[in-house]
2 protein chains.
Amino acid sequence: MTQSRSFTPSSTVPANQMAATGPGDRTGCPWHTVKAKLREVGLRPTRQRMALGWILFAKGDRHVTAEMLYEEANHAKVPVSLATVYNTLHQFTEVGLLRQVAVDGSKAYFDTNNSEHHHFFIEDQNDLMDIPSSDVVVGTAPMPPEGYEIARIDVVVRLRRKR
Amino acid sequence: MTQSRSFTPSSTVPANQMAATGPGDRTGCPWHTVKAKLREVGLRPTRQRMALGWILFAKGDRHVTAEMLYEEANHAKVPVSLATVYNTLHQFTEVGLLRQVAVDGSKAYFDTNNSEHHHFFIEDQNDLMDIPSSDVVVGTAPMPPEGYEIARIDVVVRLRRKR
DNA sequence: TTACGTGCAAATAATTTGCAGTCCC
DNA sequence: GGGACTGCAAATTATTTGCACGTAA
């Protein structure tokens, strides 16, 4: 039932994300940008956090599971343990570098884009992708019950293959 | 766990013996309505499916996890195994009697209301509730990528306690 | 040096599955 | 009676945790 097939690495990297890094940005390899990011949020820039941060943030918007990131890191000759991947993902999420997306699979997806936007979820392939922010309009925010305020609104548009 | 709703078993009515009732539309104990529902979708109305269906549908819109339903059933003197609860929830979902809602916890929630509507999710309490269908407007449905069509749009409004 | 990080493996938590026995039609 | 259904316990899957060791500041 849970088909964990391999992913085609999504080649669609919107270049609009590559702007606005720190001063002295190096070409396509923002190693010390990652370091700066980590310092900024108070996380010590260790080897594995740097590596994971590099994988996550160097390529624009990404949607990863712990498993995916783990394999990618080890592929890239950066041995990290799965436990560390989980820890790091959660730490990054806590400080706002990542955002956890709830799709209905039992796995947790993490999104490197923490700005206001929503998602397509392709059910057959367990694949997540951003919806251009211009494309969905949440017309009226609903009124929350007494004593509560809205923390976030998540929209997931589930897709199936057309036939 | 957070669901402190008390179950109202109609202790005055020995329900398991009043199968052949007339068309008296009695609120609160639609025993043969459940049976009809099950027959309609091609599921054999067994004792446990009837009981679970009764718990789920007799009280209007509900949001349950497998665990919650399991405890509720056993509380109501209807012993079912947890495995059967899972099986039943999935069978009900497959035939459209239920709908699975993806909130970000690791648990799966099932909603007895399978019509178009969205949800509030109270993060502190892990509590789900319907949003009145008039309250959220998904303005424009986004255009799906080539070859895909929209299966469903899920909106979850996350709430936190105001302070 | 020293507190914070990391790796490993074992522990949980949620859910699924295999199979022998049970019950509806 | 026969095949669909159920219960139990063991198996899977995703994630977390405890603890000895490593490493950035």
Side-chain angles (χ1 to χ4, degrees), chain A residues 1-5 31-32 34-53 63-71 73-74 77-95 98 100-110 126 128, chain B residues 1-2 16-17 19-20 31-32 34-53 64-71 73-74 78-95 98 100-110 126:
Chain A
M1 193 161 272
T2 312
Q3 44 178 233
S4 50
R5 62 174 56 206
W31 197 254
H32 66 293
V34 174
K35 186 177 268 186
K37 257 187 206 254
L38 292 179
R39 282 233 158 78
E40 226 166 79
V41 297
L43 287 176
R44 189 193 282 178
T46 64
R47 203 185 333 282
Q48 9 311 61
R49 287 214 269 241
M50 291 291 289
L52 296 178
H63 305 90
V64 299
T65 62
E67 204 77 35
M68 285 161 62
L69 185 54
Y70 172 67
E71 289 189 11
N74 285 29
K77 310 282 189 305
V78 185
V80 279
S81 76
L82 188 53
T84 296
V85 170
Y86 274 106
N87 286 336
T88 302
L89 283 172
H90 285 141
Q91 289 158 352
F92 281 13
T93 300
E94 264 166 42
V95 299
L98 292 177
Q100 199 168 346
V101 183
V103 294
D104 101 346
S106 46
K107 286 171 222 168
Y109 281 78
F110 293 84
N126 270 54
L128 247 200
Chain B
M1 42 181 91
T2 29
N16 49 356
Q17 279 302 325
W31 198 252
H32 63 292
V34 174
K35 187 177 265 184
K37 256 187 207 250
L38 292 179
R39 282 233 159 78
E40 226 167 79
V41 298
L43 287 176
R44 190 192 282 177
T46 64
R47 201 181 336 279
Q48 2 323 49
R49 287 214 269 242
M50 291 291 287
L52 295 179
V64 299
T65 61
E67 203 76 35
M68 283 161 62
L69 184 54
Y70 172 67
E71 288 190 10
N74 286 28
V78 184
V80 281
S81 76
L82 188 52
T84 297
V85 171
Y86 274 106
N87 287 335
T88 302
L89 283 172
H90 286 142
Q91 289 157 352
F92 282 11
T93 300
E94 264 165 42
V95 300
L98 291 178
Q100 200 168 345
V101 182
V103 294
D104 102 342
S106 47
K107 286 172 221 165
Y109 281 77
F110 294 84
N126 270 54

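Chain letters run A, B, ... following the sequence lines, proteins first and then strands; every chain starts at 1. Note that the structure is predicted; figures quoted are calculated from it, not measured.
Per the geometry, CG belonging to Asn74(A) stands 9 Å off P belonging to dC8(C), to the nearest Å. In this structure, the CD atom of Glu71(A) is 11 Å from the P atom of dA14(D), given to the nearest Å. Summarising the geometry, the separation between OH on Tyr70(B) and P on dT6(D) is reported as 15 Å, rounded to the nearest angstrom. Atom CG of Leu82(B) is separated from atom P of dA11(D) by 18 Å (rounded to the nearest Å). For the pair Leu69(B) CG and dA14(C) C1', the computed distance is 15 Å after rounding to whole Å. Rounded to a whole Å, the CZ atom of Arg49(A) is 11 Å from the P atom of dC4(C). For the pair Met50(B) CE and dT6(D) P, the interatomic distance rounds to 12 Å; values are reported in whole Å. When the P atom of dT12(D) is taken as reference, atom CD of Glu67(A) falls 16 Å away, rounded to whole Å.
Remark: His90(B) is in phosphate contact with dT16(C), judged by side-chain N or O atoms under 4.0 Å from OP1 or OP2. Note on Thr84(B): a side-chain N or O is less than 4.0 Å away from OP1 or OP2 of dG7(D). Regarding contacts with the backbone of dT16(D), every side-chain N or O of Tyr86(A) stays at 4.0 angstrom or more from both OP1 and OP2.
Across dT6(C), dT15(D), dA14(C), the shortest atom-to-atom separation from the side chain of Lys107(B) is found for dA14(C).
Once rounded to the nearest 0.5 Å, the distance linking CD of Gln100(B) with CD of Glu94(B) reads 10.5 Å. Between Leu89(A) atom CG and Phe110(A) atom CZ the span is 4.5 Å, to the nearest 0.5 Å.
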Legend entry - Base-contact (B) and sugar-phosphate-only (S) positions in nucleotides 17-25 of chain D, heavy-atom cut-off under 4.0 Å, - elsewhere: B-----SBS

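Residues Val80(A) and Ala73(A) approach most closely at CG2-CB, 3.7 Å, considering heavy atoms. The heavy-atom pair separating Val64(A) from Met68(A) by the smallest distance is CA-CE, 3.9 Å.
Taking 4.5 Å as the limit, some side-chain heavy atom of Asn126(A) sits within range of a side-chain heavy atom of Tyr109(A). Contact check for Leu38(B) versus Phe92(B): side-chain heavy atoms found under the 4.5 Å cut-off. The shortest side-chain heavy-atom distance between Tyr70(B) and Leu52(B) does not fall under the 4.5 Å cut-off.
An end-to-end axis angle of 30° holds for the helix from dT1(C)-dA25(D) to dC25(C)-dG1(D), taken from five base pairs per end and rounded to 10°.
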Inset, instruction - Could you walk me through whether Glu67(A) and Leu82(A) pass side chain to side chain contact (heavy atoms under 4.5 Å, CB included), step by step? - result: CA-CA 7 Å; Glu67(A) 204 77 35; Leu82(A) 188 53; 4.3 Å; yes

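Two residues, Ser106(B) and Gln48(B), neighbour DNA chain D, and the one matched to the more 5' nucleotide by heavy-atom proximity is Gln48(B).
A donor-acceptor pair under 3.5 Å is absent between the side-chain atoms of Arg49(A) and the main chain of Thr88(A), judged by distance alone.
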